[in-house]
Q: 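Mind having a look at this structure? Questions to follow.
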Amino acid sequence: MNDQTSQLLERIAAGFSHPPRSPVLRSPGELGLDFEEVTFPSHDGVPLEGWFLPAPGSTKLVIANHPMGFTRAGLPTHLEPWHSAWAASGNGFEVDFVPDYRILHDAGHHVLAYDLRNHGLSGAANGGITSSGIFEARDVVGALTYARRRPETRDAAVGLFSRCLGASATFAAMTRFPAEFEGVRCLVAAQPVTARVIMARRLALLGAAGRLDDLEQLILRDTGIGFARRSPQEWARDVRVPTFLYQVRDDVLTDPGDVQTMYDNIPVAQKELHWIVGTTARWDGYLEFQRRPQPMLDWLARYLS
């Protein structure tokens with residue numbers, strides 16, 4: 001391996017293992033929404049920071065879980081260093097999640113959105129690594145526990161809106177903590193991805209195809225967790241709630257067969273897979289809800305009513 005490729009692999013491994021924290025750059029207040037800054041512990045005690053958006057009189061709650069490297073507010077990919085990291089794959093534009101929360105709120109849902117561990121303003125844990133859902137699963141459980149203790153949401157019907165890492169963490173939590181999902185009515189999951197798949201695609205885009213095993217060794221060195229343990233396809237077998245999956249079909253950073261396998265592995269009859277077409281940008285998948293929210297809103301309405 002030449003020095004240039006070695007340096008590339010080191011950079012990719014570092015960014016994957018310890019992604020730089022992005023700022024919580026947006027606020028619900030910018031859209032005139034009432035909200036409360038909240039903090040609550042993860043299942044293992046890590047302090048998590050979030051927003052609670054009340055919908056007075058509502059009996060429905062949506063808990064939002066964000067992608068890797070993002071925060072509850074999205075990702076400022078129009079700014080450095082995030083722009084340089086993602087522009088080559090066609091994802092050099094901002095993702096702002098606050099409009100999602102306005103749509104959910106206006107549809108009559110309380111909303112709880114928070115930063116996963118080692119992201120945004122939440123606490124550091126596990127050496128600062130990301131684990132593709134293994135440790136982040138504890139945060140999903142912490143959010144559910146917090147919601148069950150709030151007077152406004154104690155008896156609410158709960159739906160989960162989980163994206164990328166947040167979706168994988170949700171699958172992992174359903175595998176490890178199934179009892180915690182009693183009373184959860186449904187899941188909307190955007191673009192869950194298997195680490196091996198997305199890293200192979202990134203290497204190919206950067207001219208380093210064939211170096212996946214070398215990259216895995218670096219990630220194993222940095223985190224202690226290889227690709228085999230990062231397995232949302234397998235965790236999907238433990239999803240027991242009605243699930244709506246959606247994904248950019250021609251996303252250059254993944255393979256449609258990855259999400260298709262997760263979908264096929266979900267052992268419930270009440271499931272749907274929605275493909276987004278006409279783009280190769282993964283970020284368009286994260287913006288799909290605010291552009292065309294009706295299929296997801298219909299799913300929530302069906303199971304939270």
Side-chain angles (χ1 to χ4, degrees), residues 4-5 7-26 64-100 115-116 118-120 128-133 136 162-169 189-209 211-212 215-216 218-219 222-223 227 230 232 246-256 258-259 276-291:
Q4 191 172 9
T5 303
Q7 291 170 11
L8 174 66
L9 294 182
E10 288 281 359
R11 286 198 304 273
I12 295 171
F16 179 78
S17 302
H18 299 88
R21 285 186 186 243
S22 56
V24 180
L25 201 61
R26 303 296 182 188
N65 302 288
H66 64 74
M68 178 177 163
F70 287 56
T71 71
R72 65 192 120 137
L75 187 68
T77 333
H78 58 307
L79 303 176
E80 296 297 347
W82 302 278
H83 183 76
S84 293
W86 293 106
S89 61
N91 294 295
F93 51 94
E94 182 183 12
V95 176
D96 176 3
F97 284 147
V98 173
D100 293 13
D115 301 330
L116 294 164
N118 302 315
H119 287 78
I129 67 169
T130 57
S131 64
S132 304
E136 296 85 359
S162 301
R163 295 162 286 212
C164 187
L165 172 60
S168 295
Q191 309 200 127
V193 66
T194 299
R196 177 181 289 277
V197 174
I198 194 169
M199 299 315 287
R201 284 299 189 99
R202 289 197 69 190
L203 288 179
L205 287 170
L206 294 169
R211 299 295 189 182
L212 187 62
L215 178 64
E216 182 178 19
L218 296 176
I219 291 170
D222 291 346
T223 68
F227 289 145
R230 303 169 183 260
Y246 63 100
Q247 168 72 48
V248 170
R249 186 192 294 274
D250 298 322
D251 177 1
V252 297
L253 291 173
T254 187
D255 183 304
D258 187 27
V259 164
I276 302 161
V277 298
T279 180
T280 62
R282 185 171 182 81
W283 276 207
D284 281 327
Y286 297 139
L287 294 172
E288 177 73 5
F289 177 75
Q290 58 193 253
R291 291 169 174 168

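The residues of the chain are indexed from 1 along the displayed sequence. Values below: every heavy atom of this structure, side chains too, minus hydrogens, waters and symmetry copies.
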Q: What pairs with N118 under side-chain contact (heavy atoms from CB on, under 4.5 Å), at least two apart in sequence or on another chain?
A: R21, A124
Q: Please list all pairs passing the side-chain hydrogen bond (donor to acceptor under 3.5 Å, both in side chains) test where one or both residues lie in residues 66-75, with sequence neighbours left out.
A: R72-D115
Q: Has E10 got a side-chain atom pairing as donor or acceptor with Q7's backbone, closer than 3.5 angstrom?
A: no
Q: I need the L253 CG to L205 CG distance, nearest 0.5 Å.
A: 6.0 Å
Q: In chain order, what residues pass the ring-ring contact (aromatic ring centres under 6.0 Å, His included) check against F16, with sequence neighbours excluded?
A: none
Q: Can you sort out the partners of A85 under side-chain contact (heavy atoms from CB on, under 4.5 Å), two or more places apart, ordered by chain and number?
A: none
Q: May I ask you to check whether over 12 heavy atoms, not counting those of Q4, lie within 6.0 Å of atom CD?
A: no
Q: Return the minimal non-hydrogen interatomic distance between V193 and I198, and the atom names on each side.
A: CG2-CB, 3.8 Å
Q: If you measure from CZ on F227 to CG on L212, what distance do you get to the nearest 0.5 Å?
A: 5.0 Å
Q: side-chain hydrogen bond (donor to acceptor under 3.5 Å, both in side chains) with T130: which residues, sequence neighbours excluded?
A: none
Q: Are Q247 and I276 packed together at the side-chain level, in the sense that at least one heavy-atom pair is separated by less than 4.5 angstrom?
A: no
Q: Judged by atom type as modelled, is there a donor-acceptor pair below 3.5 Å linking the side chain of H83 to the main-chain atoms of H78?
A: no
Q: If we ignore hydrogens and angles and just use 3.5 Å, is the side chain of E288 paired with the main-chain N or O of A190 as donor and acceptor?
A: no
Q: Who are the ring-ring contact (aromatic ring centres under 6.0 Å, His included) partners of Y286, not counting sequence neighbours?
A: F70, W283
Q: Would you kindly check if the NZ (Lys) or CZ (Arg) of R282 is within the cone defined by 45 degrees around the ring axis of W86 and under 6.0 Å from the six-membered ring centre?
A: no
Q: So, the side chain of Q191 versus the backbone of V248: is there a donor-acceptor pair under 3.5 Å, distance only?
A: yes
Q: Would you indicate whether the side-chain heavy atoms of E94 and L75 approach each other to under 4.5 Å?
A: no
